[in-house]
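Hydrogens, waters and symmetry mates play no part in the numbers below; they use all other heavy atoms, side chains included. Quick caveat: nothing in here was measured; it's all calculated off a predicted structure.
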Number of protein chains: 2
Amino acid sequence: MTQVDEILERLRQDGGRVTAARRIVVSALVDTPGPLTAEQLAEVVQAEHPEIHLATIYRTLDALHELGVVQHTHVGHGPAVYSIGSSHQHLVCEVCGEVIDLPPELLDELRATLRKRYKFQLDVGHVALLGRCTRHR
Amino acid sequence: MTQVDEILERLRQDGGRVTAARRIVVSALVDTPGPLTAEQLAEVVQAEHPEIHLATIYRTLDALHELGVVQHTHVGHGPAVYSIGSSHQHLVCEVCGEVIDLPPELLDELRATLRKRYKFQLDVGHVALLGRCTRHR
DNA sequence: ATCTTTGCAAACTTTTTGCACCAAT
DNA sequence: ATTGGTGCAAAAAGTTTGCAAAGAT
């Protein structure tokens, strides 16, 4: 069973329906590596299926989010970026928008400190860390 | 010289003008502790001066940002929060919106790691870390 | 047959902008 | 007198929603 079929199956098991649009959106998401915005995903999808509306992309991403299949991250000003898989921290270059995925362990210590000193449970993955990448100092 | 006058003076030295609206917005900003949204600042301002438009608040915050007097931070979904003073990291509770200011040293180690391992210069202060505060686990 | 999803247009939220008038220098 | 700021209304940008028709189960 392909990754796409697995995801569609989970949608069905959740009481959802496996529609043509969802098949196409999920395929595009699986085939396109790295975090991307809803708009970018729509472009990929609409290259072959222009009838699939941006609202459908948002709704599909939403359904997948409820299943825990995709995460989204808010990046400074611009639009949110969505990515498949489990929650992790993103690094985003403020100049070029490059997104770097960080290994979760990198924040273990900070997470521990915040929990102990501030009684705060860090939720990485929902907002990105901003900064500047090599090419833009 | 009060903090308000200092800030207004810097505006003037930058070629800007010290208007009634700016005096009022800067006073409200100085008098209201903690990070707040443009909307919240507008409410404070408009309680006494309803003629001051939200657009003026944004433009004043923008002018102050260019002077380095205020910073703003993007908080997950909602609106940006503005605060006076130098850049620092915010912790925001996803449930209640509570904002906690973090001492900058707390991120020194992470910053060093990102610089060495990812050649990435972290810009704390422009996006918040999300999570859950004590009351909302 | 039922209940979900779709496409569309319109609403919504936050922020920005064009413009004519007003005010600070 | 000149230049920059203000209020207003309208536009942007990103996302969500109401609705009738279409489609999946």
Side-chain angles (χ1 to χ4, degrees), chain A residues 5 7-26 28 35-43 45-46 49-67 70-82 92 97 126-128, chain B residues 5 7-26 28 35-43 45-46 49-67 70-82 92 97 126-128:
Chain A
D5 288 335
I7 293 171
L8 295 173
E9 193 48 42
R10 291 187 55 186
L11 271 173
R12 178 151 30 211
Q13 240 126 57
D14 194 54
R17 277 145 204 212
V18 175
T19 65
R22 284 182 167 185
R23 230 184 305 263
I24 292 158
V25 172
V26 171
L36 74 180
T37 65
E39 189 89 31
Q40 287 169 333
L41 181 54
E43 270 169 43
V45 164
Q46 290 170 354
H49 303 274
E51 77 282 5
I52 294 180
H53 200 275
L54 182 55
T56 300
I57 308 272
Y58 275 108
R59 286 189 276 225
T60 303
L61 286 171
D62 212 59
L64 295 175
H65 176 126
E66 276 179 10
L67 255 46
V70 313
Q71 312 294 141
H72 72 276
T73 299
H74 297 277
V75 170
H77 291 277
V81 301
Y82 296 78
V92 176
H126 198 70
V127 285
Chain B
D5 288 335
I7 293 171
L8 294 173
E9 193 47 45
R10 290 188 54 188
L11 271 174
R12 176 149 32 210
Q13 241 125 56
D14 193 54
R17 277 149 203 208
V18 175
T19 65
R22 286 183 164 185
R23 231 184 306 263
I24 292 157
V25 172
V26 170
L36 74 179
T37 66
E39 188 89 33
Q40 287 168 333
L41 181 54
E43 269 170 44
V45 164
Q46 290 170 354
H49 304 274
E51 77 282 4
I52 294 180
H53 199 274
L54 181 55
T56 299
I57 307 271
Y58 275 108
R59 286 189 275 226
T60 303
L61 286 171
D62 211 58
L64 295 175
H65 178 227
E66 278 181 7
L67 255 48
V70 312
Q71 312 293 141
H72 73 276
T73 299
H74 297 277
V75 171
H77 292 276
V81 301
Y82 296 78
V92 176
H126 198 70
V127 284

| said: Using the side-chain heavy atoms of B/Arg17, tell me which of these nucleotides is nearest: C/dA23, C/dT2, D/dT6. | reply: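 Selected nucleotide: C/dA23.
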| request: Identify which nucleotide among C/dG7, D/dC8, C/dT15 has an atom closest to any side-chain atom of B/Ala38, counting heavy atoms from C-beta outward. | output: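 Looking only at heavy atoms from C-beta outward on B/Ala38, the closest nucleotide is C/dT15.
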| task | May I have the distance from A/Ile57 (atom CD1) to C/dC8 (atom P), rounded to whole angstrom? | result |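 Going from A/Ile57 (CD1) to C/dC8 (P), I get 13 Å.
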| said: Taking the minimum atom-to-atom distance to the side chain of B/Thr19, which one of C/dA24, C/dT15, C/dG7 wins? | reply: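 Within the option list, the nearest is C/dA24.
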| said: Restricting to non-hydrogen atoms, name the atom on B/Val81 and the atom on B/Pro35 that form the minimum distance, rounded to 0.1 Å. | reply: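 Looks like CG2-CB, 3.9 Å.
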| said: Students often get this wrong, so: under 4.0 angstrom with heavy atoms, is A/Arg59 touching a base, only sugar-phosphate, or nothing? | reply: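 Counting heavy atoms under 4.0 Å across all strands, the contact made by A/Arg59 includes a base.
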| Closest-nucleotide 5' rank along DNA chain C - winner of A/Thr56 and B/Leu54 |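 That would be A/Thr56.
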| On DNA chain D, nearest-nucleotide positions of B/Glu51 versus B/Gly15: which is more 5'? |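 Result: B/Gly15.
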| request: Would you indicate what B/Ala80 reaches in the nucleic acid, counting non-hydrogen atoms under 4.0 angstrom: base, sugar-phosphate, or nothing? | output: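 B/Ala80: backbone/sugar contact only, no base atoms under 4.0 Å.
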| query | Which pair of heavy atoms, one from B/Leu11 and one from B/Leu67, lies closest together, and at what distance? | reply |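 Here B/Leu11 and B/Leu67 meet closest at N-CD2, 3.7 Å.
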| request: Let me know the distance between CD1 of A/Ile24 and C1' of D/dA24, rounded to the nearest Å. | output: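 So the CD1-C1' distance, A/Ile24 to D/dA24, works out to 15 Å.
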| task | Give the rounded distance in Å between these two atoms: CG of A/Leu61 and C1' of D/dT16. | result |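 Atom-to-atom, A/Leu61 to D/dT16, this comes out as 13 Å.
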| request: Flag the pair B/His72 / B/His65 as yes when their ring centroid distance falls below 6.0 Å, and as no otherwise. | output: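 Yes, the ring centres sit under 6.0 Å apart.
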| With a 4.0 Å cut-off on heavy atoms, is B/Glu39 in touch with a base, just the backbone sugar-phosphate, or nothing at all? |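 Nothing, no heavy atom under 4.0 Å.
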| query | Base, sugar-phosphate, or nothing: which does A/Gly16 touch, judged by heavy atoms less than 4.0 Å apart? | reply |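 Since only primed, P, OP1 and OP2 atoms lie under 4.0 Å of A/Gly16, the category is sugar-phosphate.
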| task | Round to the nearest Å and state the distance from B/Leu41 atom CG to C/dT14 atom C1'. | result |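 B/Leu41 atom CG is separated from C/dT14 atom C1' by 15 Å.
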| said: As a test of reading the structure: which of C/dT15, C/dG7, D/dA9 is closest to the side chain of B/His53, going by heavy atoms? | reply: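 So the side chain of B/His53 is nearest to D/dA9.
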| said: By nearest atom, which of the nucleotides D/dC8, C/dT25, C/dT15 is closest to the B/Ala55 side chain? | reply: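 The closest nucleotide is D/dC8.
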| Where do B/Gln46 and B/Leu54 come nearest, in terms of heavy atoms and distance? |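 Heavy atoms only, the tightest pair is NE2-N, 4.0 Å.
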| Just checking A/Ala21: base, sugar-phosphate only, or nothing, at a heavy-atom cut-off of under 4.0 Å? |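 Here A/Ala21 touches the backbone only, sparing every base.
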| request: Kindly indicate whether the side chain of A/Arg23 and the base of D/dG23 share any N or O donor-acceptor pair separated by less than 3.5 Å? | output: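 Flag unset: no donor-acceptor pair detected.
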| field | For atom CG of A/Asp62 and atom C1' of D/dT16, their distance in whole Å | value |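 Computing the A/Asp62:CG to D/dT16:C1' distance gives 9 Å.
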| query | When the distance from CG of B/Leu8 to P of D/dG5 is rounded to whole Å, what number comes out? | reply |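 In whole Å, D/dG5 P lies 13 Å from B/Leu8 CG.
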| message | From the set C/dT5, C/dG7, D/dT6, return the single nucleotide nearest to any side-chain atom of B/Arg22. | response |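 Side chain of B/Arg22 sits closest to D/dT6.
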| message | Starting the side chain at C-beta, find the nucleotide from D/dC8, C/dA9, C/dT25 nearest to B/Arg12. | response |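 So the nucleotide nearest the side chain must be C/dT25.
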| Taking all atoms of both residues into account, what is the closest heavy-atom pair of B/Thr56 and B/Ala21, and its distance? |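 Looking at all heavy atoms of both residues, the closest pair is CG2-CB, 4.0 Å.
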| message | If I take atom NE2 in residue B/His74 and atom P in nucleotide C/dT15, what distance separates them, rounded to the nearest angstrom? | response |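 Taking NE2 of B/His74 and P of C/dT15, I get 8 Å after rounding.
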| said: If I take atom NE2 in residue B/His77 and atom C1' in nucleotide C/dC12, what distance separates them, rounded to the nearest angstrom? | reply: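 My rounded result for the distance is 15 Å.
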| said: Checking A/Ile7 against A/Arg10 for the side-chain contact (heavy atoms from CB on, under 4.5 Å) test, could you report, in this order, the C-alpha distance in whole Å, the side-chain angles of both residues, the deciding distance, and whether it holds? | reply: CA-CA 5 Å; A/Ile7 293 171; A/Arg10 291 187 55 186; 5.7 Å; no
| field | A/Tyr58, nearest nucleotide to its side chain (from C/dG7, D/dT6, D/dT16) | value |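 That would be D/dT16.
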